[in-house]
Amino acid sequence: MRSGVMEQMLDTGMPDRTDALVQQLWQWADAGWLRRVDVAFAQWVQQQDAQCHRALPVAVSVLCALEGRGHSCLELADVHGRLAQWLDWPRDMAAQTALRQLLALLPTQKQPWLTVLQSPLIAITAAGGGVMHKDPTGQESQSDTPMLLAVNARGEPQRLYLRRYFQFEQAAAHGLLARVQPIASQVQTGFAREEQIAEVLGQLFPSAGGGQTPPQWQKMACALALRQRLGVITGGPGTGKTYTAARLMAAALALADDPAQLRIRLAAPTGKAAARLSESLQQALQDLPPAVRSNTALFDALNRIPAARTLHSLLGVRPGTRQLRHDGAHPLALDWLIVDEASMVDLEMMAALLQAMPPHAHLVLLGDKDQLDSVEAGAVLGDVCEGAQQGHYSAETAAYLQRTCAESVPEAMLQPEADAQPAPALSQAIAMLRESRRFGGMIGQLALAVQRNDGAHMQALMTQLQSLQPDARTVFWKEQATEQDARQVFWGQGHNSGMSAEGYGALAALLKAMPRWPSAKVPAAGPDDESWLAWQGAHAQWARQLLDTLARFRILCATRQGTWGVDGMNALVIQALRAAGLPVKNQGWFVGRVVMVTRNDASLGIFNGDVGIALPAANNRQQLRVYFPQTGLDAQGLPVQSIRSIAVSRMQHVETAFAMTVHKSQGSEFAHVLLCLPGYSSPLLTRELLYTGLTRAKKYFSYLSAQTGAWQQAMAQSTLRTSGLVALLYGDGWGS
Ligand SMILES: Nc1ncnc2c1ncn2[C@@H]1O[C@H](COP(=O)(O)OP(=O)(O)OP(=O)(O)O)[C@@H](O)[C@H]1O
C-alpha cells in the first residue's frame, strides 16, 4: 500500500484541484502518516469552502495532526523547518520525498499565509484575544468559525488554531495572570502583614534564612505563594516540592483568621499521583519542626485536610461528556488548592481548573518543568515556567523576600533594570527548587547534563563511568545492544552485585517460591482455624514481597512497537519467564502477569497507571486475582502499606506492563530503571524523554539502545510543543 501511494504521488505530482488533493490526503491516512480524523476535517473544510486555496486542506490536516501530537496550534513562521521536528516522518526516503512534495504547498513566508487562510471558516483574531470577526481579506466572517488565525499588532499572521484550543489558551492565560495581581484586600483572605509571614516562615524553616548559601528556595517559594493567589513550585525529583507544600499549608493555616474554616484541598492529574501526594504530604507533616507540631490546633487542622483527589473528580467530570460540575458559574468550594504533578495537566484541564477556581482562592502548582509534557495537547507547566531558570524577579519581589525570608535573591536572577521589558508579573509567583535532597551521584549528574544539553559533561561522565570498578557503578550503558543484553539487564545479571537484586530475575525466583498450598482444595476451615490463618498470612506476605520487588524495577521504552518498544520488551520478559520454568502465556492471564490499569474505575478503586500482579487467590488456587499495593493511614495518621486484590474477571482495562512507556512512568520511581531507545530516529526521542526516564531511577540506571548515538540525538532534541501560551503570558518575543 505504502509504495503504491508513493509511486502515484511521485508520478503525478500534486493535483491542481482541492478535491483531488483531499483524495491524496486520504491515501496518506491509509498509509498511516495522518490520522483519519485529520483528513476528515480537511475534507469537511474543502466541502464547506469549495473555492478555498488548494493549500488550505493540507494546512488543516497538518493543524489537526499537530493537535493529535500535543501541539495547540500551527506556528506559521518557518513551518517547513519546524514540521521536520513536529511530524513523525515516514522512515524511508521515497515516502519522505512524497511527503515533502505535499507540504511544499504550504507557504514559506508569513505573509502569503493570509491568502492561503482566506476562508469563511477562519476568523482573524488578535493574538492576545478578541476575535475581530473578519476573514483575512477584511470581510465580515462568522463569529463561530471552527478555526482562528491569530495575528500580531502589525496584522502579521502568527498561528492557526482550532477554535477550542485558542479558547483554552486564552482561558488559561487569563486565569493565571488574574491570580498574580496583588491581593486587593488582605482582609478578604484573612492574611496578615509581612511581619507575620516572616514570623511564621521563621518557625517553619528554623535553620533557613540569614543569608545562607545556597539561598533557601523552599522558604522563598512559600513566601512567594503567600503573596498572591498563584504559586508555582518547580524542581527536579527530590528537590522538596512536597516538603515545601506541607510547610506552605501550615503557613496558610497559621496565618488564617480562623484555621478551622480554611478549606485546603489537594489534587493531582491521575489517581496514582493523587495517592502519592497524600502519602508524601503525610510524611512531610511528620517532619514539621517540633514547635509547629506541638501547636495542636494547627497540627489537627493539617491532619484534617482531605486526601488528594484527581482533578477529574474534583471538577466533577460528567461521564461521557466534556461537561464539568464546577466552572466559572459554579466555582469549587475551597480556599487553597495544591496540584501536584502539574506537568501532566493538559491545556484543556488547566483552563477548566482556572475557570472553576473561586477568585479569592490560592492555587499552587507543583511539578517538574523539565519532565515530558501532558499526553493531551498543551505544555502548560513548561510554558508557565519558561523563565524559571533565570528567575526574572523584580526589585520589589527581592525586597519582599528579604523582609519575609531574610534571603537575598542572587543578582543573576533579578530582571536587569536596564532591560526594556519590566519583570513579568508571572515570574514573581514562580520558585524553582534547585537542590536534590534525594539523589546526587552519577544518575543526578546525568540528569543535569541532559537537562542542560551539555554534551561535554555527558562525555566526562561516560569516561568517569568506564574508570569505575563494576561494583561501584550505578549506571550501565550499552549501545548497539542486542536482545541478549536486554535479557541480562532485566534479569539483573552480571553488571554488579547491587543491581542483580533489582530485576525480573528476583521476581521470577519469588514466583517460584509460592508458599505451599495447605491442600489441593481450599481449606474449608473457618477464619479462626490456625492453619488457615497461617496460610493466609504466608500468602499475603508472598504477595507483598512480589509487589515490593516489582516496585523496585521497571523497563521503560520510548515507543510502543518494535523490539525496543513496550510490546517487544514485554514479549522478551515473557520469554525469559518461560525459560525460567514459569507457566506464562503470550496472551491473556497467567500467574505473574504484571498489568497496568489503563482507565480509572472508581467502583473498583483502581486508577489509570496503577500497576499490579496476577496471582492465585488465597482461597482458590484456580482463581487469579490482581494484587495491588495500597497505602492507608494508621491511627497516628502515618502511611501504612497493605495489599488489595481484584478478580481478573473484573479487570477490563489493563495491559501487560513488565515494560511501559516513559510517558506512563511519570510520577513513579524505581530503584532500578532500564531505559530502551529504538534503533531509529524519531521526534519522540527528546531531552525531556531521557530526563523523565532517568529521573525515575533512584539507585541504578541501565541504558540500552540498538544504535550508537541515539542518546546524543535525543539530548539535542527538545519536545518543543507549539503554543501561543508563552506569548500570552510573557509577551511576544519572550526569550527570543
Ligand atoms: N529542607 C529539607 N530538609 C531536610 N529534608 C528535606 C528538605 N527538603 C526535602 N527533604 C527531604 O527530601 C526528600 C524529597 O523531598 P520531597 O518528596 O518533598 O521532594 P519532591 O520534589 O516532592 O519529590 P518528587 O519529585 O519525587 O515528588 C524527602 O525525604 C524530604 O523529607
Side-chain angles (χ1 to χ4, degrees), residues 201-210 212-223 225 231-251 266-270 272-293 302 308 338-345 364-372 381-382 385 388 405 407 430-441 443-444 447-448 451 551-552 554 609 631 638-639 662 665-671 673 688 691-699 701:
L201 292 183
Q203 285 167 4
L204 286 162
F205 294 89
S207 59
Q212 286 186 20
T213 37
Q216 301 298 306
W217 281 106
Q218 296 181 338
K219 188 178 185 185
M220 292 200 271
C222 289
V232 181
I233 303 177
T234 184
T239 48
K241 297 180 290 296
T242 324
Y243 179 96
T244 307
R247 276 158 173 72
L248 177 58
M249 293 182 337
L266 312 169
T270 65
K272 197 162 58 121
R276 192 162 171 257
L277 173 63
S278 290
E279 189 183 334
S280 342
L281 273 173
Q282 277 305 326
Q283 194 58 58
L285 293 184
Q286 304 305 317
D287 293 342
L288 286 173
V292 181
R293 296 192 56 197
L302 279 168
I338 295 179
V339 179
D340 197 13
E341 297 289 354
S343 62
M344 293 164 75
V345 182
V364 181
L365 302 176
L366 311 177
D368 184 350
K369 70 177 178 61
D370 295 310
Q371 274 204 36
L372 281 169
L381 189 73
C385 295
C405 304
E407 284 288 349
I430 301 173
M432 182 170 162
L433 309 182
R434 293 153 199 261
E435 189 190 341
S436 177
R437 310 271 172 173
R438 200 178 292 139
F439 64 21
I443 298 174
L448 262 185
Q451 187 195 25
R552 300 181 63 79
R554 201 60 44 85
T631 308
L638 285 172
V662 178
S665 73
Q666 288 190 79
S668 304
E669 284 180 335
F670 311 95
V673 161
E688 290 78 5
Y691 176 84
T692 307
L694 243 174
T695 53
R696 301 309 92 208
K698 283 200 282 194
K699 228 166 143 188
F701 176 73

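First listed ligand is number 1; within each ligand, the first listed atom is number 1.
Note: an N/O pair closer than 3.5 Å links Thr239 and ligand 1 by distance alone. An N or O contact shorter than 3.5 Å is missing between Asp340 and ligand 1 by distance.
The distance from ligand 1 to the heavy atoms of Glu669 drops below 4.0 Å at these ligand atoms: 26 (O). Each of the following atoms of ligand 1 lies closer than 4.0 Å to a heavy atom of Pro237: 25 (O).
Residue-level proximity to ligand 1 for Asp287 is carried by the side chain, the only part with a heavy atom below 4.0 angstrom.
Around atom 23 (O) of ligand 1, the closest heavy atom drawn from Ser668, Gly240, Gly238, Gly236 belongs to Gly238.
Annotation: side chain of Ser278 is not in contact with side chain of Gln283 (no heavy-atom distance under 4.5 Å). Using a 4.5 Å cut-off on side-chain heavy atoms (C-beta onward), Val232 and Val364 make no contact.
Gln216 does not count as a contact of ligand 1, since none of its heavy atoms falls under 4.0 Å from the ligand.
No salt bridge links Glu341 with Lys241; every basic N to acidic carboxylate O contact stays at or beyond 4.0 Å.
Checked by atom type, the side-chain pair Gln666/Arg696 shows no donor-acceptor distance below 3.5 Å.
Arg434 is linked by a side chain to side chain contact (heavy atoms under 4.5 Å, CB included) to Trp217, Gln389, Met413, Met432, counting only residues two or more places apart in sequence or in another chain. Under the rule for a side chain to side chain contact (heavy atoms under 4.5 Å, CB included), the partners of Asp368 that lie at least two apart in sequence or sit in another chain are Pro237, Asp370, Gln371, Tyr691.
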